[in-house]
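Before any comments, here is the structure.
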Amino acid sequence: MGNRRAATGIATVALIGNPNTGKSTLFNRLTGSRQRIGNYPGVTVAKKSGRMILDGREINVLDLPGSYSLAASSPDERISSDVLSGRGEEIPDLTICVVDSRQLARSLQLACQIADLGVPLIIALNFMDEVIASGQAVNATLLSQRLGVPVIPISARKGQGLDGLYSAIGECLETPVFLRTPQWPEYVQAATNVLRHQLKTNIHLSDAELRRILFDHRSSYLDLVGCPDGERKELVEKGRAPIREEGADPYSVEMVVFQKFISELLDGVTRADNHAQIQMTGRIDSILTHRFFGLLIFAGLMFLVFEAIYTLSGPAMDLIDSLFSWLGEVVGNFLAPVPVFQSLVCDGIIAGAGGVVVFLPQIFLLFFFVSLLEDTGYMARAAFLMDKLFGWCGLNGKSFVPLLSSYACAVPGIFATRTIENPRARLVTVLVAPLMSCSARLPVYLLLIGAFIEPVWGVGAASLTLFGAQMLGLFVALPLAWLVNRFIFKTPSQPFIMEMPPYRFPVPKDVLWRMWMGGKEFLQRAGTIIVVISVIIWALLYFPHKQGAHEEGADPVVQAEQIEQSFLGRAGHALQPIFAPAGFDWKITVGVLASFPAREVIVSTLGIIYRLGGDVEDSDGALADALRAERWPDGPHKGQPVFTLPVALAIMVFFAFCMQCSSTLVVIAREVGARYAVLTFVYMTALAWVAAVAVYQTTSLFL
Amino acid sequence: MKKRSQHNTEPAVPPSALENPKRRRTVNDLAPCEQAKVTAIHHDEGMGQRLMSLGLVPGCALQFVRSAPLGDPLMIKIPGCLLCLRRAEARLVEIEDEIAA
């Protein structure tokens with residue numbers, strides 16, 4: 001392998017392992033706060049990297065996606081095999097394979113595959129604390145002797161055994177160690193030679209890489225050769241001839257060889273299993289996945305999560321709101337001599353920043369609950385319970401996690417679709433994920449529900465409407481996915497195989513960490529763009545400037561005229577006829593137009609339009625009062641309120657469906673291709689308009 | 001590769017099934033809590049490989065735990081872990097009664 005670190009001077013260590021082996025916990029332990037989430041927006045998405053300090057030297061740590069095998073059936077596993085083959089951007093000098101001490105036989109299969117590629121490897125035996133606690137044992141020394149590499153017992157969760165791991169990393173970076181690999185039967189070697197001859201390529205593929213192709217004709221190594229999709233299987237099948245002649249099955253020969261090798265290795269090494277844990281998990285499962293109680297608990301939990309977000313985030317949002325109002329006043333007084341500048345800073349920048357920060361309580365809460373559900377193992381049960389609901393439309397239970405994540409934000413949700421092996425199911429999940437009610441839709445729901453539902457029907461109806469608005473996208477997404485699969489992709493059925501992780505107590509530190517990262521990423525990714533857009537919207541409303549309109553205590557009539565003759569006001573007037581069938585006046589139209597780059601700006605835009613400044617909040621009664629007081633100045637409804645219940649509902653439905661998020665479009669384009677980003681934008685916008693018109697027209701008949 | 005050689009270990013329909021159709025049982029035929037042993041994994045575009053990488057290998061003991069409330073997918077227990085798979089994939093896992101084995 002040579003010395004790979006020569007290029008940068010910084011050594012790279014990669015972490016790999018089966019899902020649920022505590023790999024991410026170990027990653028957090030090793031990198032501490034020096035972690036940087038490098039999964040946006042480049043191509044090297046699903047791998048995280050961080051820095052650790054070892055003996056005063058900086059080491060780059062890569063956290064590869066959890067996988068069972070290097071047979072690359074999902075994009076995640078493809079990333080791992082690319083990195084390990086030294087064809088990724090960052091080439092690891094050492095790989096740490098994290099294995100579950102209670103599932104050694106299965107965990108070591110992956111280690112064998114990695115070792116076969118000739119990558120230096122050490123093994124971290126995780127969950128040793130639980131093995132010892134249950135009175136069992138794993139003889140790490142014996143296993144290490146047999147494998148020829150360090151085998152370090154650790155507990156990532158409790159931080160035990162890390163010193164041993166550190167010194168093993170240090171030593172193995174100096175002198176690379178290689179795991180003993182099984183002897184391949186002669187017919188496999190023969191097949192490798194046949195395949196090499198068949199491929200006729202200038203690119204050098206090692207025997208191990210050729211074996212990966214032999215065992216799996218969809219392997220990413222075959223991509224290197226540039227083999228057309230249609231010819232792959234036929235070509236590889238020619239290479240497989242010696243295996244078939246021997247009466248062996250090319251698909252299972254690898255596992256058969258590894259299993260035999262591993263069972264010899266483990267003879268006398270381990271008396272550990274997770275029998276007790278599985279039994280406990282089984283008992284909990286008999287309730288949580290119960291035909292009746294399971295579904296009841298699931299529905300209850302989901303409702304509680306959204307209820308908690310609705311009620312808990314309120315006080316924090318009020319606090320942030322008043323903080324930014326105070327800041328606006330202080331800075332405003334200071335800048336009073338220059339009105340243009342004062343208006344830019346107060347109504348544009350500070351208002352925009354306030355509109356970003358105010359999301360944090362909701363995002364923190366959402367990430368908190370999602371991490372909690374995932375870390376306890378409940379998320380897999382949710383997928384199990386829900387699979388049938390998603391299966392019929394070409395998605396699967398695994399779509400549930402990305403779709404639920406999209407409730408926080410479609411951006412991480414779309415990244416999460418990488419865990420879906422089936423490319424079709426993944427693509428369709430990506431296409432419908434933006435329909436999920438992301439947290440950026442909350443402000444407009446909260447504003448309108450607070451102004452028009454709660455005062456009339458009370459808090460119960462308000463919660464229920466919010467719940468309904470949150471579910472709306474999901475109910476539309478599934479039939480839409482079915483239509484796409486049935487008529488566009490014409491795919492018959494999708495596989496769904498998943499391990500149900502044992503129930504575990506979540507590590508509070510990990511949950512808090514993910515919560516923190518969620519908020520931080522939101523501020524970094526969405527925050528800047530929202531502030532920029534706030535300033536643009538401010539400019540479109542400020543110019544062309546009407547004398548005296550922005551002065552302290554300016555005449556409300558002059559102010560109104562200013563908005564009406566501003567650039568955005570003119571655009572709103574011009575496009576209002578398009579939105580008239582949905583009951584929108586030109587002010588709502590302006591708000592809708594301003595929200596296309598990022599829907600979260602709607603509240604601050606409405607605040608500017610209704611002369612309350614951009615730092616209004618949905619929980620702020622002033623904007624709700626202004627909306628309720630708004631009357632049609634002319635036309636057939638002259639003198640009547642603009643915001644009737646049908647209009648409020650139509651706006652909510654419009655925001656539920658419309659593709660008003662530039663970050664999501666960028667991510668879709670990067671993940672599945674620009675044409676799907678265009679498709680998403682067109683279909684969602686069309687859907688939003690049709691739905692808003694339909695809701696306004698029908699509810700107007702009754703309300 | 002529709003044509004398969006005689007001594008292929010994983011024919012689309014195992015010879016035993018042709019002789020005695022009753023012998024070819026799959027995970028789909030199990031009742032809740034029933035135990036069995038895996039005899040073969042059939043292949044369907046890499047799906048067999050996926051099942052094997054999860055530990056579902058020939059010779060492995062298996063218990064059908066329950067099906068999801070809506071009938072699909074299924075939860076099965078193999079040594080060391082619980083797996084969830086749909087009936088469409090369970091069809092690929094051929095089993096025999098543990099007593100018979």
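Within every chain, numbering begins at 1; the chains are lettered A, B, ... in the order of the sequence lines, protein sequences first and strands thereafter.
- Between Arg86(B) and Glu89(B) there is no salt bridge, since no side-chain nitrogen of the basic residue lies less than 4.0 Å from a carboxylate oxygen of the acidic one.
- Residue pairs meeting the salt bridge (charged side-chain N to carboxylate O under 4.0 Å, His left out) criterion with at least one partner in residues 98-108 of chain A, sequence neighbours excluded, are Asp100(A)-Arg102(A), Arg102(A)-Glu130(A), Arg106(A)-Glu499(A).
- Heavy-atom distances place the side chain of Arg381(A), and not its backbone, under 4.5 Å from chain B.
- Met255(A) touches chain B through its side chain: at least one heavy atom from C-beta onward sits under 4.5 Å away, while N, CA, C and O do not.
- Inter-residue side-chain proximity for Leu288(A) and Phe298(A) is flagged as unmet; no heavy-atom pair is nearer than 4.5 Å.
- Heavy atoms closer than 4.5 Å to chain B are found nowhere in Phe292(A), neither backbone nor side chain.
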For residues 65-75 of chain B, which side-chain donor-acceptor pairs fall under 3.5 Å, sequence neighbours excluded?
residue: Arg66(B); atom: NH1; partner: Thr289(A); partner atom: OG1; Å: 2.9
residue: Ser67(B); atom: OG; partner: Arg291(A); partner atom: NH2; Å: 3.4
residue: Asp72(B); atom: OD1; partner: Arg87(B); partner atom: N; Å: 3.0

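- Between chain B and the options Asp285(A), Ile243(A), Leu110(A), Val256(A), heavy-atom pairs under 4.5 Å are most frequent for Asp285(A).
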